[in-house]
Trainee: 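Quick one: structure below, then a few questions.
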Amino acid sequence: MKLKHYMFAFLVAMLCLCIEAKGQETGDSTAVNTMERIIRFHSDLVLNRDNKMEVTEHIRIYAKGEVFIHGLKRSIPHKRPLPSGVRLEVPIDIMDVKCNGEAAQYDTETDGDNVVVYIGDADTTIPEGEYDYTITYSADGQIGVYDKYDEIYWNVNGFEWAVPFDTLSATVTIPDGTKILGKEAYTGGLGDKGKEYTATDDGRSKISFCTTRAFNGGENMTIAVSFSKGSQPELTWWDIWRDDVMAFVVCIIYILFCIITWIKRGIDPKKPTVIPEYKVFKGISPALAGRILGFLDGSRLTMATILSLLVHGAATISQKGKKEYIIAKGGNKPGKELEELAYNKLFAEGRNSVSTKEDETVLGELSTEICKHIRKKYDGYYYEHNYLLLSSAIFLFLGLFFFIATLDNMHDMSLIPFLASFIVLIWYACVIGRYTMSGIKMRAKMEGLKMYIKTAEELRMRDLTPEHFEELLPYAMAFDLENKWCKKFEKALAECNYEPQWYTYTAANYAYASLLSDGGMKSLVNGISGSTQHTISSYASSHSGSWSSASGGGGFSGGGGGGGGGGGW
């Protein structure tokens, strides 16, 4: 009797353990089954003739409002890679969308290389549960045409999903009159060659693939089916290279435009023979002479203008400290237009003197006005910038850029003519301006004057007088030859005890004798120039600038057309 009791108790205990274990198993299964996911993703691909295909995707989801809030989002690529490297534009046409067997509300948009389908209502949140979605679309140009066979190479689901898949499957129906030659599939992440699938066919025109495990988001199945030729038209040379040819043609036309307009409007007139000139030309100030020769340093041209004021008696200068000079009003009136502008600016508002250390604003604004005045005198009369042609070239290049951006089926090599066009635009901006006939003649004269100043020691100079030295000193400054010019005259100036009337000194700051020693005049000019240009440069740095001048086994997961991704929204 007692034994029967023990056996009964043992059986009851075992039954309870089994019930508990079953409950735990049921609990785990329930947890998995209530996770948001794709329960089933099946794609039916019907291949037609003329490289057309109809795809019907059956997507069963489990939603509970975390990922799938309003419904399903599906992204379908509208480009596919060709062996040549080009990404061929393949139209995607959404034909029908259903939810649980009934017509569903949906919207589409193009996002980069994808057509995105939003199924559901943005104002409605779907309740927790399972939903069956069906998306039917046509996908033209997806069938590969090769020498010995035709092939569909297709990414079934794509990598861009944030939810897992319980099952993935696809069925391919090849065109009537053709025969299946090969079948292959690849599973896993991008580039993987997993074989976690089974494949069956009916021996005629239909073949099915099904994965043998669940997939995580970011994993894909790619299928490749080859079949006998005869149903698909081969892509012509023009089909593959059309956009590349168009890109090359428009780029060549653009480059020809730049070259032809440069030849007609950008080449300088023939320049006269340059001979040394020792005369100053009437109406050509030192700063303008420097600009004609291409010197754009506003502080140097300003210093050349100030030196012109000094040597003509309209101003004097004295050294106050080691790096400070005082420019004071002189007894004479300025002669040339630019010198008059500088005189009026320096001594405006009742000022009788300006410090190269303290009056940064005055000297900085003077430099700006001198550059503006030179530009006004120089542009148009001496030099044609051809801004209209340059603007046209920039506008045409932008049009070229946007045109090429709209081309879909381009190889990487098509970037070559575009980059060439960009380089030509940069070159064009540098060379489209040219000297006028008056400008080229004056440039030859200024080059002659520069040659004289630079090689005066080797030439028979007409005058080694202080007057000649002072007359050309501002021009030497504008040409960046002031040190050479001072050095040429050191001996002659010392012999005649030259004392510049525009420079005042005291024994405490600058001895007169030092002007007559080796390098004395050069040091004085460098000191004045350096102090003034430093002040102007300091002003310019804190203000706007003053001058503007497959089926055979060789494929992988993700290698085909189709794919894309999706999720909830």
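Here the structure is a predicted model, which is why all the values come from computation and not from measurement.
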Trainee: Within the 3.5 Å criterion, strictly below it, is a donor on Asn332 or His312 matched to an acceptor on the partner's side chain?
Mentor: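 Looking only at side-chain atoms, His312 and Asn332 do not form any donor-acceptor pair under 3.5 Å.
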Trainee: Would you please classify the geometry between the Phe469 ring and the Trp485 ring as parallel, tilted or perpendicular, with 30° and 60° separating the classes?
Mentor: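 Plane angle under 30°, so parallel.
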Trainee: Answer yes or no: are there more than 12 heavy-atom neighbours, outside Lys345 itself, under 6.0 Å from its atom NZ?
Mentor: yes
Trainee: State, with a plain yes or no, whether a side-chain heavy atom of Val362 is found less than 4.5 Å away from one of Arg351.
Mentor: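 Yes, their side chains come closer than 4.5 Å.
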Trainee: Of the non-hydrogen atoms in Leu363 and Thr356, which two are nearest, and what is the gap between them?
Mentor: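 Smallest heavy-atom distance, with atoms named: CD1-CA, 3.8 Å.
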Trainee: Are Leu338 and Ile370 side-chain neighbours, meaning at least one heavy-atom pair lies under 4.5 Å?
Mentor: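 When only atoms from C-beta onward are counted, Ile370 and Leu338 do touch, with a gap below 4.5 Å.
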Trainee: Hey, what's the ring geometry for Tyr186 with Tyr153, parallel, tilted or perpendicular (30° and 60° as the breaks)?
Mentor: perpendicular
Trainee: Relative to the ring of Phe418, is the ring of Phe397 parallel (under 30°), tilted (30 to 60°) or perpendicular (over 60°)?
Mentor: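 The rings of Phe397 and Phe418 lie parallel, inter-plane angle below 30°.
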Trainee: Could you tell me whether the side chain of Met442 reaches within less than 4.5 Å of the side chain of Tyr435, counting heavy atoms only?
Mentor: no
Trainee: For residues Pro286 and Met477, determine if any side-chain heavy atom of one lies less than 4.5 Å from a side-chain heavy atom of the other.
Mentor: no
Trainee: Aromatic contact between Phe347 and Tyr343, with the criterion being ring centroids under 6.0 Å apart: yes or no?
Mentor: yes
Trainee: Does the distance from a Lys or Arg side-chain N to an Asp or Glu carboxylate O, for Lys73 and Glu160, drop under 4.0 Å?
Mentor: no
Trainee: For a 4.5 angstrom cut-off between non-hydrogen side-chain atoms, does Glu337 reach Lys377?
Mentor: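 Glu337 vs Lys377: side chains touch.
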Trainee: Are Ser285 and Glu339 close enough that a side-chain donor and a side-chain acceptor fall under 3.5 Å?
Mentor: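 No.
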Trainee: Can you classify the ring geometry of Tyr383 versus Tyr378 as parallel (below 30°), tilted (30 to 60°) or perpendicular (above 60°)?
Mentor: parallel
Trainee: Measuring only between side-chain heavy atoms, which start at C-beta, is Met53 closer than 4.5 Å to Trp154?
Mentor: yes
Trainee: Would you mind reporting whether Leu301 and Leu288 have side-chain heavy atoms less than 4.5 Å apart?
Mentor: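 SC-SC contact between Leu288 and Leu301 ruled out.
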Trainee: Contact between Arg375 and His385 at the side-chain level, heavy atoms closer than 4.5 Å - yes or no?
Mentor: no
